[in-house]
**Student:** 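I have a structure I would like to understand better, so I am pasting it below and will then ask my questions one at a time.
First the proteins, then the strands, lettered A, B, ... as listed; each starts at 1.
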Number of protein chains: 2
Amino acid sequence: MAEPDRNAAKEKFLGFLEAKNLRITAQRRAIVDTVFGTDQHFTAEQLLEWAREKDSSVSRATVYRTLPLLTESGLVHEMDFGKDYKIYDPNYADHPNHNHIICDDCDKIVEFESDRLDQLENEISTGLGFKVKSQQLRINASCEEMKRLGECKNKGN
Amino acid sequence: MAEPDRNAAKEKFLGFLEAKNLRITAQRRAIVDTVFGTDQHFTAEQLLEWAREKDSSVSRATVYRTLPLLTESGLVHEMDFGKDYKIYDPNYADHPNHNHIICDDCDKIVEFESDRLDQLENEISTGLGFKVKSQQLRINASCEEMKRLGECKNKGN
DNA sequence: AAGATATTGAGACTCAGTATCATTGTCAAC
DNA sequence: GTTGACAATGATACTGAGTCTCAATATCTT
């Protein structure tokens with residue numbers, strides 16, 4: 001099930017490049033193959049490293065130049081959790097999702113969607129004179145329930 | 001109404017330093033006076049500039065060393081909007097607020113509160129087995145309305 | 001094959017933030 | 001008040017993610 005989706009994403013991106021009169025180069029192929037060949041979140045530097053395993057000629061500059069194209073195409077999502085690097089999600093097209101609950105005790109991150117939330121955000125923004133472009137909700141919590149069930153592998157304290 | 005609050009915050013912070021056996025220095029006084037003498041959000045570099053107007057001996061290092069103390073004391077809130085600098089809110093103790101709309105074109109930031117939002121977040125979190133500890137909603141938008149009124153001094157493009 | 005131009009890699013650069021370290025300031029004990 | 005332990009300081013070197021520049025190269029259309 002995952003395979004075809006990944007290929008579809010790759011094809012979509014190549015089409016995106018074509019539509020913008022951008023060229024399909026060996027380096028971009030290596031980067032795109034890497035991005036859509038994993039399910040994991042990654043940083044720019046990780047992507048550079050992985051892409052270089054496919055094509056050692058890929059440079060840092062090209063990775064940083066390609067990432068905005070990937071996010072612009074809507075196939076990859078850029079996330080900022082307040083660290084000094086950004087994290088990219090290659091599954092965005094399949095599961096577009098900007099809402100995260102992070103357990104402060106363990107590393108569990110749960111994503112969720114909510115139409116009611118989207119609607120409320122739009123309502124509030126419009127009322128304040130803004131047009132929503134993107135949104136990100138982060139809820140820091142403790143997974144009491146899961147702790148009881150032994151699913152939360154508490155790390156600190 | 002704002003005056004006493006500001007002084008209260010200042011006193012609280014000096015008490016916080018004392019409780020941690022940290023020293024009250026001229027530079028920290030200048031920084032604290034600056035922080036609690038404004039209602040505006042600020043960056044570390046802005047704080048440095050402003051504090052230097054009160055005491056020219058304040059260094060960048062001291063500002064960056066004092067900011068974590070201010071946030072640790074709970075009187076100032078650190079925010080990260082995905083730009084390459086952090087923004088600090090000196091009103092945190094009075095109006096704890098984690099919902100922001102950021103205009104991507106200009107630097108305008110609007111805060112808002114919403115009981116409906118809080119309630120919805122609680123509802124969703126509980127449903128997923130979490131207990132909310134804190135939350136942060138960031139909406140990136142364009143202030144179309146304000147642009148029309150000439151209030152959004154669009155910078156790029 | 002040729003030409004217009006998009007793309008590239010290398011490395012210089014930016015900029016917020018951190019680390020280092022010799023010097024100075026604070027404050028409690030005397 | 002002096003003293004002294006040590007917290008705090010400024011200057012400055014450094015870090016690390018990300019950007020910019022530019023001459024050289026690759027792509028794609030004709």
**Student:** Could you verify whether a donor N or O on one side chain and an acceptor N or O on the other, from B:Gln135 and B:Asn99, lie under 3.5 Å apart?
**Tutor:** yes

**Student:** Rounded to whole angstroms, how far apart are CD on A:Glu18 and C1' on C:dA6?
**Tutor:** 15 Å

**Student:** Please state how far atom CZ in B:Arg60 lies from atom P in C:dA19, giving the value in whole angstrom units.
**Tutor:** 16 Å

**Student:** Nearest whole angstrom, please: distance from the C1' of C:dG17 to the CD of B:Glu78.
**Tutor:** 11 Å

**Student:** If you check every side-chain atom of B:Arg23, which of D:dA7, D:dA26, D:dA11 has the closest atom?
**Tutor:** D:dA7

**Student:** Is there a side-chain polar atom (N or O) of A:Gln27 under 4.0 Å from OP1 or OP2 of C:dG9?
**Tutor:** yes

**Student:** Any sub-3.5 Å donor-acceptor pair from A:Glu18's side-chain atoms to A:Arg23's backbone N or O?
**Tutor:** no

**Student:** Whole Å only: how far is the CG atom of A:Leu48 from the P atom of C:dA10?
**Tutor:** 11 Å

**Student:** May I ask you to verify whether the side chain of A:Arg65 and the base of C:dT8 hold a donor-acceptor pair under 3.5 Å?
**Tutor:** no

**Student:** Nearest whole Å is fine: how far is C:dA16 C1' from B:Leu47 CG?
**Tutor:** 14 Å

**Student:** Over how many whole Å does the gap from A:Leu22 atom CG to C:dT5 atom P extend?
**Tutor:** 15 Å

**Student:** Indicate whether any N or O donor in one side chain lies under 3.5 Å from an N or O acceptor in the other, for B:Gln40 and B:Tyr88.
**Tutor:** no

**Student:** Only one of B:Arg28, B:Lys54, B:Lys10 clears salt bridge (charged side-chain N to carboxylate O under 4.0 Å, His left out) with B:Asp33; which?
**Tutor:** B:Lys10

**Student:** Could you pick out which residue, B:Thr25 or B:Lys86, lies toward the 5' side of DNA chain C when each is mapped onto its nearest nucleotide?
**Tutor:** B:Lys86

**Student:** Write down the distance between CZ (B:Arg29) and C1' (D:dT9), rounded to a whole number of angstrom.
**Tutor:** 16 Å

**Student:** Describe the nucleic acid contact of A:Tyr64 in one word from base, sugar-phosphate, nothing, applying a heavy-atom distance below 4.0 Å.
**Tutor:** base

**Student:** So, is A:Arg28 close to the C:dT7 phosphate, meaning a side-chain N or O under 4.0 Å from OP1 or OP2?
**Tutor:** yes

**Student:** Rounding to an integer number of Å, can you tell me how far B:Tyr85 OH sits from C:dC15 C1'?
**Tutor:** 12 Å

**Student:** Does the distance from a Lys or Arg side-chain N to an Asp or Glu carboxylate O, for A:Glu123 and B:Arg116, drop under 4.0 Å?
**Tutor:** yes

